[in-house]
Student: 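Below is the structure I would like to discuss, written out as structure tokens.
All chains are named by letter (A, B, ...) in the order of the sequence lines, taking the proteins before the strands, and each is independently numbered beginning at 1. No hydrogens, no waters, no symmetry mates; every other heavy atom, side chains included, goes into these values. Being a predicted model, the structure only gives us computed values, none of them experimental.
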2 protein chains.
Amino acid sequence: MPHNGHRTGRRNQIQAAAEQLFREKGYLATSMRDIADEMHMKGGGSLYAHIKGKEDLLWDIAQEAVRAFFSALEPILAKDISPDQKLREAMIAHVLVITSHLGATAVYFDEWRHLGDVRRAEFMQHRERYERLFQRLIHESVESGALNVRDERLATIYVLGSLNAIRRWYKPGGRLSAQKLAEAVADLALNGLHQP
Amino acid sequence: MPHNGHRTGRRNQIQAAAEQLFREKGYLATSMRDIADEMHMKGGGSLYAHIKGKEDLLWDIAQEAVRAFFSALEPILAKDISPDQKLREAMIAHVLVITSHLGATAVYFDEWRHLGDVRRAEFMQHRERYERLFQRLIHESVESGALNVRDERLATIYVLGSLNAIRRWYKPGGRLSAQKLAEAVADLALNGLHQP
DNA sequence: GTCTATATAATGATAGAC
DNA sequence: GTCTATCATTATATAGAC
């Protein structure tokens, strides 16, 4: 019983192939035949035994990225540590989600605009909710006296933008481990918030 | 005499329309008919009296962005001020190029990958050359003792990535002027480089 | 320079044999 | 589930009238 909500092994392979192609070439530049090629299928038609359409792939990948970001953030928010410690851990976790989900986060950052209107609106709500959680961490860090920023909204946008940039140049297997890189980038962004 | 290197007024209007559409919808999602609509023409065919093809528009816009970035940076490099002063001015100028060329810089950051192989390679060389100029400014700032970073390469990538993020959320006519915003973002990024 | 009509290619998706 | 063949649509680009 295909495309009824169940997720077969084959279906996940297709989604993984789509992720990589969407990241490399972009959603619109990736044809169903491209995805079929990656699956060693001989024509795009075979894919429709597993999915309802191309946009469903985009949607599922976007949702996977949303899940990954929230799954990384929520346990940190629940910890019993100071707000600024939470903020630093959240920033590191955010970068690690990107480095470990390069395909899905490419959709999360760039390709989501090709979703249909309804899904795009729902997706944007998730992104905004995630952003507010970060802004709250910054707000609480300021209240606790650990952080001193003039404009909390600007600080939030700046921090997330700075962290997100890593997806443009990170390549697995580089001289720095993902963990070390995440810490380095998070500290660069965090230091920026400590005004001299 | 159309598309022979000369730039008529009409041709510039087309390029401006294409810039805006490429930014809003992306290069592939923008059809020649979309551009013609924006020009109040009744069919995509009329455009070909002014341009050779769609990719030429992308190329010219990419070159315009390259020119804008170098034109902003070079006079700062030629100034008789300290390296760290140059760096700060260069960062502010970089942000101002983005905020004042949102369409062209959208191509510079996102849509350039749809260029053909030859042009894409040439474009990447320009980008790398620009990045090296920034890295040199950071290197000289470290040498002069004004800056203290552990990893100059990482610092360069981080700073440019942080500045570039502004293009995702900047909207003209907001509560902060572009100049004030550029200074605020540049200082956030610059503070990050001053390790505690 | 713009219009209309059209050539050509590629795309997402479907149908039916196996 | 995968294959082949194919449909309908849309895209870039061209040709020729005005």
Student: Just the rounded figure in Å: distance from C1' of dT2(C) to CD of Gln13(B).
Tutor: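 Going from CD in Gln13(B) over to C1' in dT2(C) covers 14 Å.
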Student: How close or far is atom C1' of dG12(C) from atom CG of Asp37(A), stated in whole angstroms?
Tutor: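 Rounded to the whole Å, the gap is 15 Å.
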Student: From CG of Leu28(B) over to P of dT10(D), roughly how many Å is that when rounded to an integer?
Tutor: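 Those two atoms, CG and P, are 17 Å apart.
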Student: State the CD-CD1 distance between Glu131(A) and Ile157(A), to the nearest 0.5 angstrom.
Tutor: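 Here the interatomic distance stands at 6.0 Å.
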Student: If I take atom CG in residue Leu47(A) and atom P in nucleotide dT11(C), what distance separates them, rounded to the nearest angstrom?
Tutor: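 The distance from CG of Leu47(A) to P of dT11(C) comes to 14 Å, rounded to the nearest Å.
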Student: Classify every nucleotide of nucleotides 13-18 of chain D by which part a protein heavy atom approaches to under 4.0 Å, writing B for the base, S for the sugar-phosphate alone and - for neither, in 5'-to-3' order.
Tutor: BB----
Student: Given the ring of Tyr27(B), does Lys54(B) sit roughly above its face, with NZ or CZ under 6.0 Å from the centre of the six-membered ring and within 45° of the axis?
Tutor: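 Here Lys54(B) passes the 6.0 Å and 45° test against Tyr27(B).
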Student: For the CG atom of Leu96(A) and the CG atom of Leu163(A), what is their distance to the nearest 0.5 Å?
Tutor: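 Rounded to the nearest 0.5 Å, the CG-CG separation comes out at 10.5 Å.
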Student: Considering only NZ, NE, NH1 and NH2 on the basic side and carboxylate oxygens on the acidic side, decide whether Arg23(B) and Glu111(B) come within less than 4.0 Å.
Tutor: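 Between Glu111(B) and Arg23(B) there is no salt bridge, as every charged N stays at least 4.0 Å from the carboxylate O atoms.
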Student: First locate atom CD1 of Ile51(B), then atom CG of Asp56(B), and finally report the distance between them rounded to the nearest 0.5 Å.
Tutor: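 One finds 7.0 Å between CD1 of Ile51(B) and CG of Asp56(B).
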Student: Would you kindly give the CG-to-C1' distance between Leu57(B) and dA11(D), to the nearest whole Å?
Tutor: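 After rounding, the gap between these two atoms is 15 Å.
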Student: Does Arg129(B) count as lying over the ring of Phe70(B), i.e. NZ or CZ under 6.0 Å from the six-ring centre, within 45 degrees of the axis?
Tutor: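 Output yes; distance and angle both within limits.
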Student: To the nearest Å, give me how far apart CD1 (Ile51(A)) and C1' (dG12(C)) are.
Tutor: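 Atom-to-atom, Ile51(A) to dG12(C), this comes out as 10 Å.
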Student: Could you tell me how far apart Tyr27(B) (OH) and dA11(D) (P) are, to the nearest whole angstrom?
Tutor: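 The answer, rounded to whole Å, is 13 Å.
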Student: If you compare every side-chain N and O of His40(A) against the phosphate oxygens of dT2(D) (OP1, OP2), does one of them come in below 4.0 Å?
Tutor: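 No.
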Student: If you only use heavy atoms from C-beta on, which nucleotide in dT12(D), dT11(C), dC3(D) is closest to the side chain of Ser31(A)?
Tutor: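 The answer is dT11(C), which lies nearest to the side chain.
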Student: Write down the distance between NE2 (His50(B)) and C1' (dC3(C)), rounded to a whole number of angstrom.
Tutor: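 One finds 12 Å between C1' of dC3(C) and NE2 of His50(B), rounded.
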